[in-house]
Structure formats: C-alpha cells, structure tokens
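Let me begin by presenting the structure, written as structure tokens, before commenting on it.
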Amino acid sequence: MSQVIESIEHTQAAPEILLYPRIRKSPFFYASRRHGVRKYSVYNHHYHPRLYTDPVDEYWALVEGVTLWDVGVERQIEISGPDAFAFTQRLVPRDMRQCQVGQCKYVFVTAADGGIINDPVLLRLEENRFWLSLADSDVLLWCQGLAYHAGLDVSIREVDVAPVQVQGPHAKPVMVDLFGERVLEIPYYHLMEAELDGMSVVISRTGYSGEIGYEIYLREASRYGEALWQRVFEAGRPHGMQVIGPCHIRRIEGGILAFGCDIWYDTNPFEVGMGYDWMVDLRGDDDFVGRTALERIKAEGVSRRLVGVEIEGPNIGYFTDGSMIDTFPVHDDAGELIGEVTSATHSPRQERNIGYAMLPATHAELGTPLRIEANTGMQDAVVVPKPFHDPRKDIPKG
C-alpha cells in the first residue's frame, strides 16, 4: 500500500521533500514538480506526485477538460526473446493468442494460490516483445525468478521507458496537435509507434481515469523526460491543460481497482468479479501460474466478494483509498464485524459517498443493509451495483 509523504503547506516555493537515493525519481520528476506538488506517495520505489491543488478541483479538471499526469512510476518490464510469447502465456491467466501485435490488455499476474501479484496493462509491441506497465509491486523479481526456472529462451528486464497520461474529454485535440490526425485511428486498448521532435514514443489508448485518454510511453526516458513533458504541456496549454495526480474519485466511480487497496496478494480474480472467462481463461489447456487453484476456486465458489457500497451521512472526503487513513470497518445490521471498505470517496458529480467493500458472500447481494465505521462516525450503508458511472465504458471508448 502506498506510503504518503506530506509536504509543507502549499506556497509559491517548491515543497520540502526528504530525498533518499533508495527511492527513485521518475524521468519527469523535476518537470512535474514545478507545477506545485502538494503530496507525494512512494510507488514502485519512486516518488509519485499525488496532489497539486485539491481533489475536487482536479476531479473537475479531469472530467470537464484535459489533464497531464506524471506516471513515470509505472515501470516497464520488457519480455522479449524467442520464447517471449510462451512465457507471457504462462505468466498471466488471459489467453495471449487473443492479444494481437499493436494491442493492449489489462491482465492479472497470479500466484500459485490464485492471488493477484500485480494488475498491469500489457502492451504487445511485436510477436515476441511485450511490456508490462506495472502497478505497485516488485513483479520484475517475480518474472525473473519464473523465467529462471521455466527453461525458456526469454529475456526479462526493466527498460528505460516511462509514460505520461493525457486524460479528459479534450485529450483528443491535444494529441492531434502533437501527433496529427492519425492518432485518432488508435482503437481503445490499442497502440501505435510515433516520433515527436526526434523522440521515439509508443502511444496507447489507455489510462487510469475512466475518461478519454492516452498514455505516451517515452523511450530513452532518462534522457528525454524533461523535453517530452514540456512539449506535451505546451501543446495542452491552449486547451486548458492542468497537471494533476491520479484521480481516485474518478477511478472509484468508474470501477477501476487499486492494487494494495481493492486487490492484493491474498485476493483472487473471482472475488473481485473479474474471473469469469475474461481475466481468467480456463477454456483451453494452456497452463499458467495459479491455474489449478483458480479452477478449484471457480468450481467451489468464493466465500467473499468485492462489492459496491453507498454510504449515507456526511461527506466522507476524497482520499479514502487506503493511503491516507485506515480502512473503514463494516458491520452487518446486527452489529457484527464482517468486513472492510477498501476504497471510498465522495462523488462530487453524484453527490453521494461511494466505495468498495470486501464482504462475506452471504452479505454481498444488492440491497444488503450495512453499518460502516467511516471517518464521519458510524453510518448506514447499502450494497449497490458497480461501477457507479458509465458501466459500459462508453466514455473512454468514445
């Protein structure tokens, strides 16, 4: 779970941060810092900007305009070599035969017991070249250990590649100004190669926002990070671009899970509702790490489920995603402790408190009444459908 570093009170001066060599800085660290970072977290052993103004201001900037995010902390693990496809098929429970060159997939990396080790976006650049755009865990070591014992001709390494995200309803005109009209031809969860002022990039129609969005993956990022950041921001300036941190209000609305909060090593895909013939493909005979356990879990059913909850009462705030405060204990209507809220927020657009909770399967049906120990006190709550906004993802596909 991310550790949050509090800066000094926001002033015109840069925030004071204790910099340690064991915590890395993304290639965009100094460029993004100049926009007035108020809070950092530590993510993938990097300083990660989380907040610039306030959560509600950044939320409206995202859903009404266009925003730029420093997500260089999404380390890129490259899988290459003659057996790269075979290795990747063994690494993840999705069928990689359904992932064409130039396509992206949201995947789980599962452990032998079916637990989730990471939930990266996978990019297939060539027949035998993949990137894993990582969430916050040491998957490089896992992949290297698996490759060592696999007997396959495969190379696993972290490459000098780092992304920025351009997210929001005005993202397309910014990207057209940068890369021309052909960028509009990229389908949702696909990618294309491009150059920008001599810099080599990969552009994907992906993001962590539930809005129209792109990620620009910069090669030789340690050399060109400053130049790319400035180029993208200057292109966005006429469109009102604002630099923000990852918007957890919007990702909770959109059903996007956070590793370390909603999913963890002891959480399996079926518990979070993503195991059934989508994120876990058990139809063929290909083996992958965790297949035996996941077949058993599917046959037996799960004892707990991640559900959507609506929490009554006062506004609970905007950063209750497990990184700023403790999780909220959940009780049944008889007062017995039964689970916990894993992420929650107040939605400015819906004017209600929403979130996710891990509950016993016996209490996971829609309409189940709950009592939640929120930061505002003991509150009534109810199990509701998720995602809370745009359940078919029409917005990011648009």
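This chain uses plain numbering: 1 for the first residue, then up along the sequence.
With salt bridges taken as basic N to acidic carboxylate O contacts below 4.0 Å, none links Asp54 and Arg38. Checked for salt-bridge contact, Glu295 and Lys298 miss the test: no charged N lies under 4.0 Å from a carboxylate O. Ion pairing between Asp332 and Arg371 fails under the 4.0 Å rule for side-chain N and carboxylate O.
When ring centroids are compared, His46 and Phe29 stay outside the 6.0 Å threshold. Here Trp229 and His35 bring their ring centres to under 6.0 angstrom of each other.
Within 6.0 Å of CZ on Arg90 lie no more than 12 heavy atoms contributed by other residues, nucleotides or ligands.
Inspection of the Glu215 and Thr206 side chains reveals an N or O donor paired with an N or O acceptor under 3.5 Å. Residues Glu336 and His331 have side chains that never bring a donor and an acceptor to within less than 3.5 angstrom of each other. For the residue pair Gln167 / Thr67, no side-chain donor-acceptor distance below 3.5 Å is found, with atom types taken as modelled. Defined by atom type and a distance below 3.5 Å, a donor-acceptor pair is present between the side-chain atoms of His239 and Asp177. Inspection of the Glu253 and Tyr59 side chains reveals an N or O donor paired with an N or O acceptor under 3.5 Å.
Counting heavy atoms from C-beta outward, Pro120 and Val109 have side chains that approach closer than 4.5 Å. Between Asp57 and Ile244, the closest side-chain pair of non-hydrogen atoms is not below 4.5 Å. Between Ser204 and Tyr217 the shortest side-chain heavy-atom distance falls below 4.5 Å. Residues Tyr188 and Lys393 meet the side-chain proximity criterion, which asks for heavy atoms closer than 4.5 Å. For the pair Pro329/Ile372, no side-chain contact is recorded, criterion being any heavy-atom separation below 4.5 Å from C-beta on. Side-chain contact check for Arg291 versus Leu282: some heavy-atom pair is nearer than 4.5 Å. Looking only at side-chain heavy atoms (C-beta outward), Leu370 and Asp333 stay at 4.5 Å or farther from each other. With a 4.5 Å cut-off on side-chain heavy atoms, Glu78 and Arg129 count as touching.
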Check against salt bridge (Lys or Arg N to Asp or Glu O under 4.0 Å), Asp262 and Arg251: CA-CA 12 Å; Asp262 312 303; Arg251 72 95 182 161; 2.8 Å; yes
Salt bridge (Lys or Arg N to Asp or Glu O under 4.0 Å) evaluation trace for Arg223 with Asp160: CA-CA 9 Å; Arg223 178 181 179 183; Asp160 186 15; over 6 Å; no
Audit row: Glu193, Arg219, salt bridge (Lys or Arg N to Asp or Glu O under 4.0 Å) steps and yes/no: CA-CA 11 Å; Glu193 305 263 359; Arg219 291 189 171 97; 2.7 Å; yes
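By the side chain to side chain contact (heavy atoms under 4.5 Å, CB included) test, Arg304 pairs with Asp266, Thr267, Glu271, Met358, sequence neighbours left out. Annotation: side chain to side chain contact (heavy atoms under 4.5 Å, CB included) contacts of Tyr224 (sequence neighbours excluded): Met199, Leu218, Glu220.
Without hydrogens or angle criteria, Asn128 side chain to Phe85 main chain gives a donor-acceptor distance under 3.5 Å. Remark: the backbone N or O of Cys247 is not paired with any side-chain donor or acceptor of Glu58 at under 3.5 angstrom. Of the possible polar contacts, none joining the Asp83 side chain to the Phe87 backbone as a donor-acceptor pair under 3.5 Å is found.
Among residue pairs with one or both ends in residues 99-134, those qualifying as ring pair (Phe, Tyr, Trp, His ring centres under 6.0 Å) are Tyr106-Phe108; sequence neighbours excluded.
Counting all heavy atoms, side chain and backbone alike, Tyr356 lies closest to Gly255 at OH-CA, 3.0 Å. Residues Ser137 and Ile117 approach most closely at OG-O, 2.8 Å, considering heavy atoms.
When each of Asn44, Asn118, Ile156 is tested with Val139 by the rule side chain to side chain contact (heavy atoms under 4.5 Å, CB included), just one qualifies, namely Asn118.
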